Amino acid sequence: MNHEPTVQMPGQWSTFAPNVDFIFYFIYWMSVILFVGIIGAALYFVWKYQRKPGVKAEPTGHNLPLEVGWTVAPVFFLALLFHWGFRGYVDLTVAPANAMEIRVRARKWSWDFEYPNGAHETNNLHVPVNRPVRLVLSSDDVIHSFYVPAFRAKRDAVPGMYSMMWFQATHEGTTNFFCAEYCGAAETAARGEHGEEVFSGHFSMIGHVVVENDATFAAHLEAINGPPTINGVVATPAQWGAQLYRSSQCYTCHSVDGAPGTGPTWQHMAGHPVTLTDGTTVDVDANYIRESILNPQAKIVRGFQPVMPTYRGSLNDRQIDALIAYMQSLQ
Ligand code: HEC
Ligand SMILES: [Cu+2]
């Protein structure tokens, strides 16, 4: 198995990769050989049977053995390819019973991963090496597609149904995943950490898959379940909230400095009244903020579209409290 990328293929980081690559290269080299053979023969015949003075062209007639031969020969290759392809497909589809299950929820425009211990992560997937991992995919809105080239694994996340994929990583390290289904883009930019314009869309649905040993993986799950430590000190709720603002992708729609975006800015938001689309006014207190995060369509702020995804199930209570503390600090 080759962990390094080649000209045509990314490194082989899963148990599927060697098989997939073998079939890919088989088809590739067969195409090269047939291309050279057919074009070569055509060129040779053009030259050999070119018009010569004094020679009259005559029809060649049939050659039965030749015609049967070039009809039957490809059937063998196609049957072989079907056999290999189908065996590979079954392999990719049926996860071993002891696989660890991770929930993957896609939405415009980020990925939420939920681990067996209930911890969540956005756009960052950690998996243990040499263990089968089963992903159960769903989508909140449109069709997305989870694609890890180094694993040779891809599956659509379709609204209204679950789809499954699995893999077993064979190499420790960090590789990329992508959304492989074009799923739109925001019309307005948000402000980034340094005041720069940040657009979100299909292209923001990328991230890292981190393959690590069992101990590091377990420590990681433990760490993302509670507040992070900053320089050896456990973060305050507001500091944790500031981190979640980035890691949960809130920043792609909400600014914290008054700049316009797809959603209202969080500056001077908490503790102030806000006008909704139906003309009523509500106070932005902790209960309203919590509802806005868990059930964003319940009350829509005037002048904005109902496009915020729900974070029900992807942010736990402690994380929501941390976000509220952060919003309250933005006065
Ligand atoms: C895809 C864009 C988008 C993302 C991502 C997003 N929001 Fe929103 N959010 C909106 C929009 C648009 C509104 C205004 C419409 C409404 O009230 O639903 C809104 C409204 C809100 C409000 C109410 C604001 C007010 O002024 O009353 C809160 C609180 C909020 N979002 C929190 C969050 C948090 C926390 C996150 C990240 C975990 C987040 N949002 C991620 C688009 C987004
Ligand atoms: Cu997508």
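Here the structure is a predicted model, which means the values were calculated and not measured. Just follow the structure's listing: the first ligand is 1, and inside any ligand the first atom is 1. All values below were derived from every heavy atom in this structure, side-chain atoms included, with hydrogens, water molecules and symmetry-related copies excluded.
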NE2 (His254) to atom 8 (Fe) of ligand 1 to SD (Met308) angle, given to the nearest 10 degrees: 180°

Atoms of ligand 1 close to Cys253 [distance to a heavy atom under 4.0 angstrom, numbered from 1]: 1 (C), 2 (C), 3 (C), 4 (C), 5 (C), 42 (C), 43 (C)

Residue and atom name of the nearest protein heavy atom (relative to atom 11 (C) of ligand 1), distance in Å to one decimal: Gly263 CA, 3.6 Å

Other residues, nucleotides, ligands: >12 heavy atoms within 6.0 Å of Glu187 CD: no

Metal proximity, Tyr182 vs the Cu ion (ligand 2), N/O/S cut-off 2.8 Å: no

N/O/S atom of Cys179 inside 2.8 Å of the Cu ion (ligand 2), strictly under: yes

Aromatic plane relationship, Trp266 with Tyr245 - under 30° parallel, 30 to 60° tilted, over 60° perpendicular: tilted

From His220, His120, His126, Glu121, residue fulfilling side chain to side chain donor-acceptor pair (under 3.5 Å) relative to Tyr115: Glu121

Closest approach of any protein heavy atom to atom 13 (C) of ligand 1, naming residue and atom: Pro264 CD, 3.4 Å

For Phe177, the option from Phe113, Trp13, Tyr147 that meets ring pair (Phe, Tyr, Trp, His ring centres under 6.0 Å): Phe113

Ligand-side contact atoms (ligand 1) for residue partner Thr262, heavy atom cut-off under 4.0 Å: 12 (C)

Parallel, tilted or perpendicular: ring planes of Phe86 versus Phe82, cut at 30 and 60 degrees: parallel

Validation row: Ser139, Ile143 side chains within 4.5 angstrom (heavy atoms): no

For atom 24 (C) of ligand 1, closest protein heavy-atom neighbour: Met269 SD, 3.5 Å

Region of Thr252 that comes within reach of ligand 1 [heavy atoms, distance under 4.0 Å]: side chain

Distance filter under 4.0 Å to Gln305 heavy atoms, resulting ligand 1 atoms: 12 (C), 15 (C)

Pro296 neighbourhood, listing ligand 1 atoms whose heavy-atom distance to it stays under 4.0 Å: 18 (O)

Heavy-atom side-chain contact between Pro10 and Arg152 under 4.5 Å: yes

cation_pi(Arg155, Phe146) dist<6.0 Å, angle<=45: no

salt_bridge(Asp214, Arg131) N-O dist < 4.0 Å: yes

Beyond-backbone contact of Gln168 with Phe16, side-chain heavy atoms, under 4.5 angstrom: no

Among the N, O or S atoms of His144, the one nearest the Cu ion (ligand 2): ND1

Min heavy-atom dist Thr265 to ligand 1 below 4.0 Å: no

Aromatic ring pairing Phe26/Phe77, orientation class (parallel under 30°, perpendicular over 60°, tilted between): tilted

Test of proximity, Lys108 against ligand 1: N or O pairs below 3.5 Å: no

Protein residue, atom and distance nearest to atom 41 (C) of ligand 1, heavy-atom basis: Tyr311 OH, 3.5 Å

For atom 27 (O) of ligand 1, the protein heavy atom that lies nearest, with its residue and separation: Tyr288 OH, 2.6 Å

Presence of N, O or S from Cys250 under 2.8 Å of atom 8 (Fe) of ligand 1: no

Sub-4.0 Å heavy-atom contact, Met327 with ligand 1: yes

SB check Asp112 Arg105 (cutoff 4.0 Å): yes

Atom indices of ligand 1, in the order listed, that fall short of 4.0 Å to a heavy atom of Gln249: 5 (C)

ring-ring contact (aromatic ring centres under 6.0 Å, His included) assessment of Trp84 paired with Phe22: CA-CA 10 Å; Trp84 284 340; Phe22 172 77; 5.1 Å; yes

Per-atom contacts of ligand 1 with Leu315, taking only distances under 4.0 Å to non-hydrogen atoms: 38 (C)

Test of proximity, Pro309 against ligand 1: N or O pairs below 3.5 Å: no

salt_bridge(Lys56, Glu58) N-O dist < 4.0 Å: no

salt_bridge(Asp278, Lys299) N-O dist < 4.0 Å: no

Side chain, backbone, both or neither: the part of Ile293 lying under 4.0 Å from ligand 1 by heavy atom: side chain

Taking atom 28 (C) of ligand 1 as the reference point, the nearest protein heavy atom with its distance: Ser292 CB, 3.6 Å

Proximal atoms of ligand 1 relative to Ile300 (non-hydrogen, under 4.0 Å): 15 (C), 16 (C), 17 (O), 18 (O)

Distance from atom 34 (C) of ligand 1 to nearest protein heavy atom, with residue and atom: Trp266 CZ2, 3.4 Å

